[in-house]
Protein chains: 2
Amino acid sequence: MLQLTKDGEYGVRAVLHLASDPMRFSDIKEISAAQDVPGNYLAKIMQQLARSGLVRSRRGAKGGYALSRPPRRITLREVIEAVEGPIFLNVCLIRKGECPRDAICPVHDVWREAQRRLFEVLDSRTMEDLAGEGVKKAARAKGSRA
Amino acid sequence: MLQLTKDGEYGVRAVLHLASDPMRFSDIKEISAAQDVPGNYLAKIMQQLARSGLVRSRRGAKGGYALSRPPRRITLREVIEAVEGPIFLNVCLIRKGECPRDAICPVHDVWREAQRRLFEVLDSRTMEDLAGEGVKKAARAKGSRA
DNA sequence: TATAATCAAGACTAGATTAGTCCTATATAC
DNA sequence: GTATATAGGACTAATCTAGTCTTGATTATA
Ligand code: SF4
Ligand code: SF4
């Protein structure tokens, strides 16, 4: 459907939560409550993020998850691809020859460029950028309510 | 999965086929054979394209489909959205308030920009452009085989 | 060292979507 | 009238989505 799944969506929210206090370990319950994600579902996503190496985990009491790199070195695209797998806007971008028509197809190059531009956006935003923007936006929202 | 479906893919192929000879009516069998799309499946997609108004149909002997507008006034995005429905890279782009977090979410604006850039690409390619490019690409492929 | 907290792994599920097929009815050219 | 096409829709198998739940391993701390 050309749309981000909940896996990706929730994964980004979770990593962004960790980025707001990168050295602290946050557990599922905390992230789930703060980011409004079903706990049992989030557990699976955090495991995937841990397997991908983007976050590290600690089991047992006082355990939880923390980023394994500083927020400024984690891009939005990395988070999405860690939980959803690599992004390919169309099958012909998976690899050359995946679609037998790619050599003669005029649309192939359009998808290549579309994906390149999408990546430009997703690669240019780090978790540091977004966490900072989140603080500003929250302050604005609070201000306009007061 | 953030990927174009076969509906969209086949729809684009079909419209591009019609664009290569815009005044002629091509039937399912012809399009199916030329564009390598399962005939029964293509029939459903052509019906959707007809309902959307992008192509017109004629039933009975010598019937088939033709574009209802000149190729230069049909964009790639129009074709995709005619068969797949409107594109929203994330649910929060459907409408304001669709995601309750959009007012405070720093990622929201990133998706807005990502989608805007995707649309820039898809809106800028007309069926005329692509049909022309297709002829060139086919000639190149033939030349390099010779 | 017992216990409570916490993650890891994976089985399980209902419902939706994807990628089709197939059948009947209707319209049209000749 | 007949052959040819689309229109509409029922049907399907396989996969994906968005979860839930159970069991087992690890860790802090009383
Ligand atoms: S856009 Fe062209 S190359 Fe890509 S999948 Fe479609 S036909 Fe194949
Ligand atoms: S990106 Fe932000 S606004 Fe958009 S769906 Fe996710 S949380 Fe909601």
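Residue numbers start from 1 in every chain, and the chains themselves are labelled A, B, ... in the order their sequence lines are given, proteins ahead of strands.
- Distance alone, capped at 3.5 Å, is enough to place a donor-acceptor pair between the A:Gln48 side chain and the A:Ala82 backbone.
- Computed from coordinates, the A:Arg58 CZ to D:dA25 C1' distance equals 16 Å when rounded to whole Å.
- When the C1' atom of D:dG19 is taken as reference, atom CD of A:Gln47 falls 14 Å away, rounded to whole Å.
- Using a 3.5 Å distance cut-off with no hydrogens or angles, the side chains of A:Glu9 and B:Asn90 do pair a donor with an acceptor.
- Residue contacts for A:Tyr10: at a heavy-atom cut-off of 4.0 Å it reaches the sugar-phosphate backbone alone, with no base atom in range.
- Within the 4.0 angstrom heavy-atom criterion, only backbone atoms of the sugar-phosphate kind lie near A:Asp27; the bases stay farther away.
- Between B:Glu84 atom CD and C:dA16 atom P there is a gap of 20 Å when expressed in whole angstrom units.
- By the 6.0 Å contact criterion, CZ on B:Arg116 is enclosed, its count of non-hydrogen atoms from other residues, nucleotides or ligands being greater than 12.
- Rounding to whole angstrom units, CD of residue A:Gln3 and P of C:dA16 are separated by 16 Å.
- In the set D:dT4, D:dA18, D:dA28, the nucleotide with an atom closest to the side chain of B:Ala61 is D:dT4.
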>> I'd like to know whether B:Val110 forms a side-chain contact (heavy atoms from CB on, under 4.5 Å) with B:Glu113, so could you lay out the CA-CA distance, the side-chain angles of the two residues, the decisive distance to 0.1 Å, and finally the verdict.
In response: CA-CA 5 Å; B:Val110 182; B:Glu113 175 163 357; 5.9 Å; no
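- Toward the 5' end of DNA chain C, the nearer of the two residues A:Gly60 and A:Asn40, judged by each one's closest nucleotide, is A:Gly60.
- If you measure from atom CZ of A:Arg56 to atom P of C:dA8, you get 13 Å, rounded to the nearest angstrom.
- Of the side-chain N and O atoms in B:Tyr41, none sit less than 4.0 angstrom from OP1 or OP2 of D:dT12.
- In this structure, A:Ser57 does not reach the C:dT6 phosphate: none of its side-chain N or O atoms is under 4.0 Å from OP1 or OP2.
- Within 4.0 Å of A:Met46, counting heavy atoms only, lies no atom of the nucleic acid at all.
- Nearest-nucleotide positions on DNA chain D for B:Lys62 and B:Tyr65 put B:Lys62 closer to the 5' end.
- In terms of modelled atom types and a separation under 3.5 Å, the side chain of B:Glu128 and the main chain of B:Pro71 share no donor-acceptor contact.
- Side-chain atoms of A:Arg59 lie closest to C:dA8 of the nucleotides D:dG19, D:dT6, C:dA8.
- Rounding to whole angstrom units, CG of residue B:Asp36 and C1' of C:dG20 are separated by 15 Å.
- Between the P atom of D:dT17 and the NZ atom of A:Lys6 lies a distance of 13 Å, rounded to the nearest Å.
- Counting atom types as modelled, A:Lys44 pairs no side-chain N or O with a base atom of D:dG19 as donor and acceptor under 3.5 Å.
- Within 4.0 Å of A:Gly63, counting heavy atoms only, lie sugar-phosphate atoms of the nucleic acid but no base atom.
- B:Leu49 places its CG atom 14 Å from the C1' atom of D:dA7, with the value rounded to the nearest Å.
- Considering only side-chain N and O atoms, B:Arg51 lies under 4.0 angstrom from the phosphate OP1 or OP2 of D:dG8.
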